[in-house]
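Computed from a prediction, not measured in an experiment: that's the story for all the values here. Note: hydrogens, waters and symmetry copies are ignored here, and every other heavy atom, side chains too, is used.
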Amino acid sequence: MAELQRYKAVISYDGSAFSGFQIQPNGRTIQAELEKALAKMHKSEIVKIVGSGRTDAGVHAKGQVIHFDSPLQISVEQWKKGLNALLSHELVIMNLEKVASNFHARFDATEKTYVYKIYTQKTRDPFRYHYATHYPFSLNLDQIELAANYLVGTHDFTSFCSAKAEVLNKVRTVREIKLENMRDELIFTITGSGFLHNMVRIIVGTLLEVGSGKRNASDILGILQGCDRQLAGKTAPPQGLYLWKVEYNG
């Protein structure tokens, strides 16, 4: 039997028609689509993939990272061309390379960046529905940025995590939260060492409540210290969220 080679791939997908990244009994998923394509290239042999993290239904990715092992002796160019020919139009392999056998897409990730898009025009736009969240209310951007500063650093983010999350340690480091105002679009860029389930969407939902005057910027301190999901704001909708980039040492 040929020796297994590990491959790392950067993938991009429109999550609108998917039930999330991870395989589930019912629903179309990113993982299932990729593994189906790999099975065709391996003559029906099952090849499992590992992702840098999961994305929920409706969430997109510009730079999700996966790894898989294969005995096939083909070039990375053939891999990329072959897989993209088998994948649907919503999912594409952007880059593929050989890596060491101990590389791990999830555990070796050092930093992730998420982008959340909001459009603020008064009338909703059906052509933007799947790719940005409609928020046609006035916002105080200075207050949003002030509140965001309280979230930067290493904190227990229990209040900004889904109550269904199974992980016990909810301490995470957020390195930067950047807000860009581009005509009728607000773009949040959030970078950190790792993120809890729904963490980015709860952060955005809470910052929008600050911007609309429902909360004070300084309330963020109490929300963090309270370690209670009910203290934070609503979870922002999934369609505005993009897993933008995953970083690795070297």
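- Checked by atom type and distance alone, the side chain of Thr120 pairs as donor or acceptor with a backbone atom of Asp184 at under 3.5 Å.
- Between Gly226 and Leu231, the closest heavy-atom pair is CA-CD1, 3.6 Å.
- Judged purely by atom type and a 3.5 angstrom limit, Glu185 has no side-chain atom pairing as donor or acceptor with the backbone of Met182.
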Worked check of side-chain contact (heavy atoms from CB on, under 4.5 Å) between Leu151 and Thr206: CA-CA 11 Å; Leu151 291 164; Thr206 305; over 6 Å; no
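- Looking only at distances, no side-chain donor or acceptor of Ser159 sits under 3.5 Å from a matching main-chain atom of Ala232.
- Judged by distance alone, with hydrogens and angles left aside, the side-chain atoms of Lys112 form a donor-acceptor pair with the main-chain N or O of Ser52 at under 3.5 Å.
- Dense packing is recorded around CZ of Arg6, with more than 12 heavy atoms of other residues, nucleotides or ligands lying under 6.0 Å away.
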Pair Ser218-Asn216, side chain to side chain donor-acceptor pair (under 3.5 Å): steps then yes or no: CA-CA 5 Å; Ser218 58; Asn216 296 318; 5.0 Å; no
Derivation of the side-chain contact (heavy atoms from CB on, under 4.5 Å) call for Lys117 and His60: CA-CA 11 Å; Lys117 297 184 178 183; His60 315 292; over 6 Å; no
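- Minimum interatomic distance between His130 and Ser16 (heavy atoms only, all atoms of both residues): CB-OG, 3.2 Å.
- Within a 6.0 Å radius of CZ in Arg128, other residues, nucleotides and ligands contribute more than 12 heavy atoms.
- Ile23 and Ile46 sit in two unconnected hydrophobic clusters of ILVMFWY residues. Membership requires side-chain heavy atoms under 4.5 Å apart, directly or through other members.
- In this structure a side-chain-to-backbone donor-acceptor pair under 3.5 Å is missing from Thr55 to Gly20.
- Glu209 contributes a side-chain N or O that, together with a main-chain N or O of Lys234, makes up a donor-acceptor pair within less than 3.5 Å.
- The backbone N or O of Lys62 lies less than 3.5 Å from no partner atom in the side chain of Gln64, so there is not a single donor-acceptor pair.
- A 6.0 Å sphere centred on NZ of Lys170 holds more than 12 heavy atoms belonging to other residues, nucleotides or ligands.
- When the side-chain contact (heavy atoms from CB on, under 4.5 Å) test is applied to Lys36, the partners found at least two apart in sequence or on another chain are Glu33.
- A chain of hydrophobic side-chain contacts below 4.5 Å, direct or via other Ile, Leu, Val, Met, Phe, Trp or Tyr residues, connects Ile202 to Leu179.
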Candidate pair Val204 and Ile118, rule side-chain contact (heavy atoms from CB on, under 4.5 Å), full reasoning: CA-CA 10 Å; Val204 171; Ile118 293 167; 4.1 Å; yes
Step-by-step side-chain contact (heavy atoms from CB on, under 4.5 Å) determination, Tyr116 to Arg201: CA-CA 8 Å; Tyr116 196 96; Arg201 289 166 58 192; 4.2 Å; yes
Side-chain donor-acceptor pairs under 3.5 Å in residues 235-250, sequence neighbours left out?
| unit_1 | atom_1 | unit_2 | atom_2 | d |
| --- | --- | --- | --- | --- |
| Thr235 | OG1 | Arg229 | NH2 | 3.0 |
| Tyr242 | OH | Tyr131 | O | 2.7 |
| Tyr248 | OH | Ala105 | O | 2.5 |

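- If you chain together hydrophobic residues whose side chains sit under 4.5 Å apart, Val50 and Val167 never meet in one group.
- With rounding to the nearest 0.5 Å, the separation of OG in Ser70 from CD in Gln5 is 9.0 Å.
- Taken together through direct or relayed side-chain contacts under 4.5 Å among Ile, Leu, Val, Met, Phe, Trp and Tyr, Val152 and Ile187 form parts of separate hydrophobic clusters.
- Cluster annotation: Tyr129 is not connected to Tyr119 through the hydrophobic network of ILVMFWY side chains, with a link wherever side-chain heavy atoms come within less than 4.5 Å.
- The existence of a salt bridge linking Asp108 and Lys8 is excluded, since no basic side-chain nitrogen approaches an acidic carboxylate oxygen closer than 4.0 Å.
- The minimum heavy-atom distance linking Glu180 with Thr189 is given by the pair OE2-OG1, 4.2 Å.
- Without hydrogens or angle criteria, His42 side chain to Glu45 main chain gives no donor-acceptor distance under 3.5 Å.
- The backbone N or O of Leu139 sits nowhere less than 3.5 Å from a side-chain atom of Ser212 that would complete a donor-acceptor pair.
- Ile220 is not listed as a side-chain neighbour of Asn149, based on a closest heavy-atom distance of 4.5 Å or more.
- Clustering of Ile, Leu, Val, Met, Phe, Trp and Tyr by side-chain heavy atoms under 4.5 Å joins Val76 with Tyr7, Ile11, Tyr13, Phe18, Phe21, Ile30, Leu34, Leu38, Met41, Val47, Ile49, Ile66, Phe68, Leu72, Ile74, Trp79, Leu83, Leu86, Leu87, Leu91, Ile93, Leu96.
- Residues Arg54 and Asp56 form no side-chain contact, since every pair of their non-hydrogen atoms from C-beta on lies 4.5 Å or further apart.
- Side chain of Tyr135 to backbone of Leu186: no donor-acceptor contact under 3.5 angstrom is found.
- The side-chain heavy atoms of Leu224 and Phe157, taken from C-beta on, include a pair separated by under 4.5 Å.
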